[in-house]
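So you know, we letter chains A, B, ... as the sequences are listed, proteins then strands, and number each from 1. Heavy atoms only: backbone and side chains are in, while hydrogens, waters and symmetry mates are out.
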Amino acid sequence: MTPTAGLRFSHLISKTLRQAPADAETISHQLLLRAGMIFPGAAGVYTYLPLGWRAFKKVENIIREEMDRAGGQEALFPGLQPLELWQETGRDTAFGPTMFSIEDRRERRLVLGPTHEEVVAQLARSFVRSYRDLPVLVYQIQNKFRDELRPRGGLLRGREFSMKDLYSLDADEAGLDHSYQLMIDAYRRIYERCHLPVVLVEADSGAIGGKESHEFTSLTPTGEDEIIHCPSCGYAANLEKAQARKGEPPAETTLPLEEIATPGIKTIDALARFAGVPTSRTLKAVFYSADGRMVFAVIRGDLEINEVKLKNLLKCNELRLATEEEVAGAGLVAGSASPLGLKGIPTVGDESIALGANLVAGANRDGYHVNNVNYPRDFQVDTVADIASAAAGQGCPRCSSPLQAGRGIEVGHVFKLGTVISQSIGAAFLDHEGVSQPVTMGSYGIGVGRLLAAIVELHHDDKGITWPLSIAPHQVYLCPLYGDCSQVGEVAEGLYQEMLEAGIEVLFDDREDSPGVKFNDADLLGIPLRLVISQRSLGKGNAEVKWRTEKQPQFLPIEGLASQVKALLDQGNS
RNA sequence: CGGGGUGUAGCGCAGCCAGGUAGCGCACCUGAAUGGGGUUCAGGGGGUCGCCGGUUCGAAUCCGGCCACCCCGACCA
């Protein structure tokens, strides 16, 4: 839908703010508040004011166009969903308290949809009978509700937020791969049209579940996500998922165990210093409580445990460090904990435990450690897996070059769900042979407001927002400097009408304010093209035309200005 | 939920320690001047000092409890 093209500044409900509210720290949050584009309602809940809503709709329409172009069908799923639907897939516990849940007058429990895989699987159950009905791409753009642990950064992370979520239904893995690639390509076009550079990174699937997933991340220091990437080969992954090389198996001969007294030594760093070895010659032990039961994790001392990886491995909903009481209750000694002689507690070892010889480990006895510990000679674990956090400087898993770390905003996420959800919902179809098969699903999300905020994070200067032309609430800022020259007003009114007729989206600053006020607001709002009408240039029959991101204006004749401006905008759009 | 912080006019803040008629800047209203980067002067309106309770002759100020919001962490578009 095309928004009304014009708007008089004096009619706007919002006001610009000279100073940002003190509690806004993120740039996009500050600028969107100052520009009067959003207004806070509650933590993580915002009104989109008219100018912000126009920008929002620009982003939304770009997304919609690209989804349609990729073959997506737009629908609207219910925001209110029966809790039973979530119990069918068991994801009610996976989401846990993040789901807003309410009770109706019959004391029936409903949830405010945090996402819609279940609903779509239900649709598939009803409508998909044959392989001939596949593939399907169906999507919606709708508000999601998530009771986030901590909303933050204005639009960056809200509790009510608009999301475009598309779901692919395919007959098999190959079909899913195809849909997945289709979406990745469509997403790339979306970010391109929003003038937002992104990197595609491997990601953890989190509560959504599924096997493979990627995130589109806008690299910026204000981002919430840590990204590990390789400048040499292009490998990139969210820290939650990132891998790194941990070295080669040791060549040295193993030595006999030897207990050493280590009075007061509680940390790996202290231990390494005390023993005169690098931290990579030590063994670190960490206790976790996984859904209430104790788990013991062992890793080489120079590495950190990645709790997301561990959590996925254990398939648990809640993973946290064990308390001191829990550790002591299990008969272990914090600071000198060790997998040696451990019994009765599930143990997970990182791959790195085999990539080191003659390590220093705890003795499970206060004040003592054991030297020359070797796996698997001296201890066993129940599972060996990659549970280590990658870090900058470590070797790229693909090409061994040193990895780098950076922060970013997750502006899109694609998941290969597979058949997990369709199986529990019972969404199946008959294949060529007449055999019933579960529908293979994928899901693809973009947070519209977050994308908008990410654009501001990238497109701003010390004066305010510098919207890309494709996103700006209006393309043109018509700025008459009235003074006491009545002609300025007449010309400006005439131009306003002309531009409206030419289909130009124009914000008409019809306020009787001083030039400084108007210029500063124009800059703050970030409207790409500014037209100044004043007595000064009017004498030569000209108007001053200036791009937001350029210093110098150009002067164009008032005569036929609308079509000239139109041409400039078309140029800028290409 | 753990850690840190803030609540006084639409926004930014002072006042609180040493209890005694609630202030400043911006914004807003009226009038005048000004007219190319938040211009100037004069006059004016607006506040349950987050909420509840306590101490006191008297509480924005002291004490107790609660709530909200923001920042860091665990969670996610």
Just how far, in rounded Å, is P of G73(B) from CD of Glu304(A)? 16 Å

Using a heavy-atom cut-off of under 4.0 Å over every strand shown, decide if Gly153(A) touches base, sugar-phosphate, or nothing. sugar-phosphate

When the side chains of residues 35-42 of chain A are checked against the rest of the protein, which donor-acceptor pairs come out under 3.5 Å, sequence neighbours left out?
none

Taking atom P in both C71(B) and C29(B), what distance in whole Å separates the two? 32 Å

Just checking Asp165(A): base, sugar-phosphate only, or nothing, at a heavy-atom cut-off of under 4.0 Å? nothing

Whole angstrom is fine here: how far is it from CG in Leu538(A) over to C1' in G36(B)? 14 Å

Nearest to the Arg536(A) side chain among G12(B), C75(B), G36(B), which nucleotide is it? G36(B)

Heavy atoms only, 4.0 Å cut-off, all strands: where does Glu215(A) land among base, sugar-phosphate and nothing? nothing

Base-pairing mate for G35(B) - Watson-Crick or G-U, with both contacts under 3.5 Å: none

Of all the choices, A77(B), G36(B), C69(B), which nucleotide is nearest to the side chain of Arg159(A) once you look at every atom? C69(B)

Taking pairing as Watson-Crick or G-U wobble with both contacts under 3.5 Å, can you name the mate of G64(B), or confirm there isn't one? C52(B)

Looking at C70(B), I'd like to know if its phosphate oxygens (OP1 or OP2) sit under 4.0 Å from a side-chain N or O belonging to Arg152(A). no

Just call it for Val308(A): base, sugar-phosphate, or nothing, with non-hydrogen atoms closer than 4.0 Å on any strand. sugar-phosphate

Arg450(A), nearest nucleotide to its side chain (from A77(B), G36(B), C11(B)): A77(B)

Is Asp23(A) side chain donor-acceptor paired with the C71(B) base, going by distance under 3.5 Å alone? no

Applying the 3.5 Å cut-off to both distances, the Watson-Crick or G-U partner of A74(B) turns out to be none

Atom CD1 of Ile190(A) and atom P of A77(B): how far apart are they, to the nearest Å? 16 Å

What's the NE2-C1' distance between His116(A) and A77(B), to the nearest Å? 13 Å

Looking at Gln487(A), I'd like to know if its CD atom is crowded, meaning that more than 12 non-hydrogen atoms belonging to other residues, nucleotides or ligands lie closer than 6.0 Å. no

Pair of N/O donor and acceptor under 3.5 Å linking G35(B) base with Gln535(A) side chain: no

Within the structure shown, what part of the strands sits under 4.0 Å from Gly158(A) by heavy-atom distance: base, sugar-phosphate, or nothing? base

Say you pick atom P in G31(B) and the same atom in G12(B); how far apart are they, in whole Å? 30 Å

Which whole-number value in Å describes the distance from Lys15(A) NZ to C26(B) P? 18 Å

Nucleotide opposite G19(B) in a Watson-Crick or G-U pair, distances under 3.5 Å: none

If you look at every strand shown and take non-hydrogen atoms under 4.0 Å, does Val411(A) touch a base, only sugar-phosphate, or nothing? sugar-phosphate

Nearest to side-chain heavy atoms of Glu240(A), which nucleotide of A77(B), C75(B), G12(B): C75(B)

Separation of Gln19(A) atom CD from C24(B) atom P, in whole Å? 17 Å

Counting only side-chain heavy atoms from C-beta out, which of C75(B), C69(B), G36(B) sits nearest to Val532(A)? G36(B)

In whole angstrom, give me the gap between the P atoms of U61(B) and G20(B). 11 Å

Whole-Å C1' distance, C28(B) and G36(B): 25 Å

My understanding is that a pair needs two contacts under 3.5 Å, Watson-Crick or G-U wobble. By that rule, which nucleotide pairs with G58(B)? none

Please state the C1' separation for the pair A27(B) and G45(B) - nearest whole angstrom. 13 Å

Plane angle bin for His195(A) and His459(A) - parallel if under 30°, tilted between 30 and 60°, otherwise perpendicular: perpendicular

Calculate, to the nearest 0.5 Å, the distance between atoms NE2 and CG belonging to His413(A) and Asp204(A) respectively. 7.5 Å

Please work out if Ala20(A) contacts a base, only the sugar-phosphate, or nothing of the nucleic acid, heavy-atom cut-off 4.0 Å. sugar-phosphate

Suppose you measure atom C1' in A18(B) against the same atom in A32(B); what distance do you get, rounded to whole Å? 47 Å

Could you verify whether a donor N or O on one side chain and an acceptor N or O on the other, from Arg193(A) and Ser470(A), lie under 3.5 Å apart? no

Honestly, is Arg159(A) close enough over Phe100(A), meaning NZ or CZ under 6.0 Å from the six-membered ring centre and within 45° of the axis? no

G23(B) and C49(B): how far apart are their P atoms, nearest whole angstrom? 14 Å

More than 12 foreign heavy atoms under 6.0 Å from CD1 of Ile13(A): is that the case here? no

Exercise: do Thr220(A) and Ser218(A) side chains pair donor with acceptor under 3.5 Å: no

Parallel, tilted or perpendicular: which fits the ring planes of Phe56(A) and Trp53(A), with parallel below 30° and perpendicular above 60°? parallel

Leu33(A) atom CG is separated from C69(B) atom P, nearest whole Å, by 15 Å

Side-chain donor or acceptor of Arg150(A) under 3.5 Å from a matching atom on the base of C1(B)? no

May I ask which nucleotide in the shown strands pairs with C69(B), Watson-Crick or G-U wobble, both distances under 3.5 Å? G5(B)

Given C70(B), C11(B), G36(B), which nucleotide is nearest the side-chain atoms of Ser534(A)? G36(B)

Could you identify the nucleotide paired to G46(B), looking across every strand shown and requiring Watson-Crick or G-U wobble geometry with both distances under 3.5 Å? none

Rounded distance in Å between the C1' positions of A22(B) and A60(B): 8 Å

Grab the CD-P distance between Gln30(A) and C70(B) for me, whole Å please. 14 Å

Using a 6.0 Å cut-off, check whether atom CD of Gln181(A) has over 12 heavy atoms from anything other than its own residue. yes

More 5' along RNA chain B: Phe161(A) or Ile533(A), using each one's nearest nucleotide? Ile533(A)

Nucleotide by nucleotide, 5' to 3', does protein get under 4.0 Å of the base (B), only the sugar-phosphate (S), or neither (-) in nucleotides 37-52 of chain B, counting heavy atoms? BB--------------

Are Glu304(A) and Lys284(A) close enough for a salt bridge, meaning some N to O gap below 4.0 Å? yes

Categorize Glu148(A) for me: base, sugar-phosphate, or nothing, with a 4.0 angstrom heavy-atom threshold over every strand shown. base

